[in-house]
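Atoms within each ligand, like the ligands themselves, are counted from 1 in listed order.
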Amino acid sequence: MTKAFFLDRDGVINENPHPINHVGQFVFIPGALEAIRTLHERGYKVFVVTNQGGVGLGYMKREALAEIHNYMEEKIKEAGGMLAEILACTHKPQEGCTCRKPEPGMIFDLIKRYNIEPSKSYMVGDFYTDIQAGHRAGLKTVYIGKENLKGKEPQPDYVFGSLAEAVASLVGTSEHHI
Ligand SMILES: [Mg+2]
Ligand SMILES: [Zn+2]
């Protein structure tokens, strides 16, 4: 069975001071590209599972989202990393779909199609809803956000300051330098 990292996008891979509706607004968080490369080198499949309700709400066209994801994927490849697949829930937030996190639909879909072993795999997110989705899918959960999670149940399995810190601690560092 395959081990994997499921990454939320906004706030994990890219900065999100405001909703990202255009490729020109997409800025990688320092260390994120290197961390994804490390995951690839260490044999993890890397997936992105992202809520993009702005599409359903009409703030962003599907073409703009595709352009953002093409750019992200290209830069990750240039840095020596690899994404196995990007899944985005583009439903409206209140639509009641089974894919918008905290629902685990996107993760379940990928686990099934890629024969992923959940207990050897991680969900990394900066919102508590990422932790809920990961937990419901049976993944180990890694929180890198700024919300106060005191009293929330379940608690994340790990808390770090960034994807780079999480990967360095859970997986190790890259085998070589750029
Ligand atoms: Mg996020
Ligand atoms: Zn959805």
Side-chain angles (χ1 to χ4, degrees), residues 4-36 39 46-69 71-73 75-76 81 83-114 121-137 139-149 152 154-167 170:
F5 265 72
F6 295 80
L7 308 181
D8 170 44
R9 194 195 80 185
D10 299 320
V12 174
I13 298 175
N14 59 281
E15 314 271 9
N16 66 329
H18 49 72
I20 308 300
N21 292 329
H22 182 269
V23 69
Q25 299 169 314
F26 192 95
V27 177
F28 283 93
I29 292 171
L33 284 168
E34 293 81 359
I36 294 171
L39 292 175
V46 183
F47 301 105
V48 173
V49 287
T50 178
N51 287 352
Q52 295 298 329
V55 174
L57 292 169
Y59 298 128
M60 174 171 47
K61 294 214 181 305
R62 286 188 181 281
E63 295 72 31
L65 182 61
E67 199 182 347
I68 290 166
H69 287 171
Y71 172 80
M72 175 174 74
E73 206 159 20
K75 292 293 171 193
I76 286 170
L83 294 181
E85 193 164 329
I86 302 167
L87 284 187
C89 166
T90 56
H91 299 111
K92 288 178 197 158
Q94 308 301 336
E95 211 166 314
C97 68
T98 57
C99 40
R100 185 180 170 84
K101 296 172 288 181
E103 295 300 324
M106 292 190 285
I107 302 170
F108 275 141
D109 176 28
L110 293 165
I111 284 175
K112 195 172 172 191
R113 286 194 286 115
Y114 288 84
S121 302
Y122 298 84
M123 172 72 212
V124 184
D126 70 324
F127 280 4
Y128 186 63
T129 47
D130 299 311
I131 301 307
Q132 290 174 299
H135 181 80
R136 289 170 188 180
L139 306 175
K140 292 185 259 195
T141 56
V142 182
Y143 184 69
I144 62 167
K146 296 185 166 56
E147 296 167 278
N148 181 1
L149 302 189
K152 299 257 193 196
Q155 285 287 305
D157 295 306
Y158 303 93
V159 177
F160 292 105
S162 65
L163 177 61
E165 282 182 21
V167 169
L170 298 170

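The atom name of the N/O/S atom in Asp10 closest to the Mg ion (ligand 1) is O. Nearest N/O/S atom of Asp126 with respect to the Mg ion (ligand 1) is recorded as OD1. Asp8 contributes OD2 as its N, O or S atom closest to the Mg ion (ligand 1).
At least one side-chain heavy atom of His18 sits less than 4.5 Å from a side-chain heavy atom of Gln25.
Residue pairs meeting the salt bridge (Lys or Arg N to Asp or Glu O under 4.0 Å) criterion with at least one partner in residues 46-63, sequence neighbours excluded, are absent. Within the structure, every pair that satisfies the salt bridge (Lys or Arg N to Asp or Glu O under 4.0 Å) test and touches residues 5-21, not counting sequence neighbours, is listed here: Asp8-Lys101.
Judged by distance alone, with hydrogens and angles left aside, the side-chain atoms of Gln155 form a donor-acceptor pair with the main-chain N or O of Leu149 at under 3.5 Å. Between the side chain of Glu85 and the main chain of Leu110, no donor-acceptor pair closer than 3.5 Å is present. Of the possible polar contacts, one joining the Thr141 side chain to the Asp157 backbone as a donor-acceptor pair under 3.5 Å is found.
Not a single ring-ring contact (aromatic ring centres under 6.0 Å, His included) links Tyr59 to another residue, sequence neighbours left out.
Protein atoms that are N, O or S and lie under 2.8 Å from the Zn ion (ligand 2) are these: Cys89 SG, His91 ND1, Cys97 SG, Cys99 SG.
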